[in-house]
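The structure under discussion appears below in the form of structure tokens.
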Amino acid sequence: MPELPEVETVRRGLHELIIGRVVKKVVHDTPKSFPNAAADVEQFLIGATITDVRRRAKVLLIDLSTDYTLVIHLKMTGQLVFRAKDVAFGAGHPNDSLIGELPDRSTRVTFDFADGSHLYFNDQRKFGWVKLLPTLEVPNIDFMQRVGPEPLEADFTPEQFRERFKRKAKSPIKAALLDQTVIAGVGNIYADESLWGAKIHPLRKVGVLTDKDFDRLYYELRDVMNLSIEKGGSTDRNYVNAEGKKGSYIDFARVFRREGKPCPRCGTIIVKFKAAGRGTHICPNCQKLM
DNA sequence: CACTTGACCTGTCCGC
DNA sequence: TGCGGACAGGTCAAGT
């Protein structure tokens, strides 16, 4: 589900909503979603104040006053939804919300704050997780050691972008884009959208792409992700922001989930096929393999 | 080492 | 209506 723009949208929402709140109680169901030792939870999470909400790649980092951090990956269907004290749901709730009363059957972890508000970690497919780690150890975990640069950072250049792909010469470009060790945060939606923008076929080998191809891809990827953040991310199925509301980028998508519809650039019918193990959408006229 | 495939889970949708 | 199979936005371990 959530790629960089969705996780960033959640981060911004939580940054507004939970900093300064004090964790009072935590309950969880499967240890797969919350594999933390009870003693650590008691010592470093209960009673802690939230001091910051950060993001690296698709990972959320909620910093605590105990110098511990909640490291959270939403994977495909994870949601982090804040609810103020005594908010009634049901009749009259906004129709841009996907979820009602919480907790529900997908709730894996519930954080109760001292002021009566709550944070719910929902995850239908149980791929996601919440791990409590010392803040100083977060950069040392395997994922953080291997993950590539943030593509939206101001100092990330087209030259650096191109350089990151050098060792993937024999990969199809889509597989390389999805590889988190090359560039951070790209998932299936923005891979398809940026490749369409750059007029590159997803199965073109990285090694045959020109500098100009990479330049176009760099700008398209950044444009598409920035636009999505502006629109609050993409809600295809499950994604919601920190207030439980949908994002609207999908309304602006040019190829993703638009199979059978005309290409906005040339009118050719968009087709869907499998590439890099994932559903892939292209305009067969704009994105030629050879 | 680099690349591809299957597994992890639950829910939904589509065809028979 | 019921049932089986395919598919879903991510990542890792195992395979080639």
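Quick note on labels: first sequence line is chain A, next is B, and so on, each numbered from 1.
- Phosphate contact (OP1/OP2 of C:dC7, side-chain N/O of A:Arg278, threshold under 4.0 Å): absent.
- Rounded to whole Å, the distance from NZ on A:Lys166 to P on B:dC3 is 15 Å.
- In this structure, A:Gly279 reaches the sugar-phosphate backbone alone: every heavy-atom distance under 4.0 Å involves primed, P, OP1 or OP2 atoms, never a base.
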Which donor-acceptor pairs under 3.5 Å do side chains of residues 145-155 of chain A form with protein atoms, sequence neighbours excluded?
unit_1   : atom_1 : unit_2   : atom_2 : d
A:Gln145 : NE2    : A:Pro139 : O      : 2.8
A:Glu150 : OE1    : A:Arg55  : NH1    : 2.9
A:Glu150 : OE1    : A:Arg55  : NH2    : 3.2
A:Glu150 : OE2    : A:Arg56  : NH1    : 3.0
A:Glu150 : OE2    : A:Ala57  : N      : 2.6

Between protein and nucleic acid, restricted to nucleotides 5-9 of chain B and to nitrogen or oxygen atoms under 3.5 Å apart, what atom pairs and distances do you find?
unit_1 : atom_1 : unit_2   : atom_2 : d
B:dC9  : O2     : A:Arg125 : NE     : 2.9
B:dC9  : N3     : A:Arg125 : NH2    : 3.4

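- Taking only side-chain atoms of A:Lys272, from C-beta outward, the nucleotide of C:dC7, B:dT4, C:dG10 with the closest atom is C:dC7.
- Look at A:Arg105 and you'll find a side-chain N or O under 4.0 angstrom from OP1 or OP2 of B:dG11.
- Protein atom CD1 of A:Ile141 is 12 Å distant from nucleotide atom P of C:dT11, rounded to whole Å.
- For A:Ser171, the listed nucleotide lying nearest its side chain is B:dT4; candidates were B:dT4, C:dG10, C:dC12.
- Whole-Å rounding puts the A:Lys274 NZ to B:dT4 P distance at 14 Å.
- For the pair A:Tyr239 OH and C:dA8 C1', the computed distance is 17 Å after rounding to whole Å.
- For B:dC9 and C:dA14, the P atoms lie 15 Å apart once the distance is rounded to whole Å.
- Residues passing the side-chain contact (heavy atoms from CB on, under 4.5 Å) test with A:Ser194, sequence neighbours excluded: A:Leu177, A:Leu217, A:Glu220, A:Leu221.
- Not one side-chain nitrogen or oxygen of A:His73 sits closer than 4.0 Å to the OP1 or OP2 atom of C:dG10.
- A salt bridge is defined here as a Lys NZ or Arg NE, NH1 or NH2 lying under 4.0 Å from an Asp or Glu carboxylate O, and A:Arg21 with A:Asp115 meets this definition.
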Would you give me the side-chain donor-acceptor pairs under 3.5 Å for residues 103-114 of chain A, sequence neighbours excluded?
unit_1   : atom_1 : unit_2   : atom_2 : d
A:Asp104 : OD1    : A:Ser106 : N      : 2.8
A:Asp104 : OD1    : A:Thr107 : N      : 3.4
A:Asp104 : OD1    : A:Thr107 : OG1    : 3.4
A:Asp104 : OD1    : A:Asn122 : ND2    : 3.0
A:Asp104 : OD2    : A:Asn122 : ND2    : 3.4
A:Thr107 : OG1    : A:Asp104 : N      : 2.8
A:Thr107 : OG1    : A:Asp104 : O      : 3.3
A:Thr107 : OG1    : A:Asn122 : OD1    : 2.7
A:Arg108 : NE     : A:Ser106 : O      : 3.4
A:Arg108 : NE     : A:Asp123 : O      : 2.8
A:Arg108 : NH1    : A:Asp29  : OD2    : 3.0
A:Arg108 : NH2    : A:Asp123 : O      : 3.0
A:Arg108 : NH2    : A:Gln124 : O      : 3.3
A:Asp112 : OD1    : A:His118 : ND1    : 2.7

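- We find that A:Glu3 and A:Lys58 are not joined by a salt bridge, their nearest charged nitrogen and carboxylate oxygen being 4.0 Å or further apart.
- Legend: side chain to side chain donor-acceptor pair (under 3.5 Å) pairs involving residues 200-210 of chain A, not counting sequence neighbours, sorted by first then second residue: A:Thr210-A:Asp213.
- Straight-line distance from the CG atom of A:Asn122 to the C1' atom of B:dG11: 14 Å, rounded to whole Å.
- A salt bridge between A:Asp251 and A:Lys231 is absent, with no side-chain N of the basic residue lying under 4.0 Å from a carboxylate O of the acidic one.
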Symbol by symbol from the 5' end, with Watson-Crick or G-U pairs under 3.5 Å, [ ] crossing and | another strand, DNA chain C is .|||||||.|||||||
Name the atoms and distances for all side-chain donor-acceptor pairs under 3.5 Å in residues 263-276 of chain A, with sequence neighbours left out.
unit_1   : atom_1 : unit_2   : atom_2 : d
A:Arg265 : NH1    : A:Trp196 : O      : 3.3
A:Arg265 : NH2    : A:Trp196 : O      : 2.8

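- At C:dG10, none of the side-chain N or O atoms of A:Gln180 fall inside 4.0 Å of OP1 or OP2 (strictly under the cut-off).
- For the pair A:Leu203 CG and B:dC3 C1', the computed distance is 14 Å after rounding to whole Å.
- Under a 4.0 Å N-O distance rule, the pair A:Glu8/A:Arg12 qualifies as a salt bridge.
- Among the atoms of the strands shown, none is found under 4.0 Å from any heavy atom of A:Arg108.
- Here A:Lys58 reaches the OP1 or OP2 of C:dT11: one of its side-chain N or O atoms lies under 4.0 Å away.
- Residue A:Asp236 is in base contact, counting any heavy-atom pair closer than 4.0 Å across all strands shown.
- The side chain to side chain donor-acceptor pair (under 3.5 Å) analysis of residues 171-189 of chain A, with sequence neighbours excluded, yields the pairs A:Arg167-A:Thr181, A:Lys168-A:Asp179, A:Lys174-A:Asn188, A:Lys174-A:Asp192, A:Lys174-A:Thr280, A:Asp179-A:Thr181.
- Taking atom CD1 of A:Ile72 as the reference point, atom P of C:dT11 lies 15 Å away to the nearest angstrom.
- Residue pairs meeting the ring pair (Phe, Tyr, Trp, His ring centres under 6.0 Å) criterion with at least one partner in residues 135-155 of chain A, sequence neighbours excluded, are absent.
- In terms of the ring-ring contact (aromatic ring centres under 6.0 Å, His included) criterion, residue partners of A:Tyr249 (sequence neighbours excluded) are, by chain and number, A:Tyr190.
- The separation between A:Arg56 atom CZ and C:dT11 atom P is 12 Å, rounded to whole Å.
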Quick one: which protein N/O atoms are closer than 3.5 Å to N/O atoms of nucleotides 14-16 of chain C? Pair and distance per line, please.
none

Indicate every side-chain donor-acceptor pair of residues 37-53 of chain A with a distance under 3.5 Å to a residue at least two apart or in another chain.
unit_1  : atom_1 : unit_2  : atom_2 : d
A:Thr51 : OG1    : A:Asp63 : O      : 3.3
A:Asp52 : OD1    : A:His15 : NE2    : 3.3

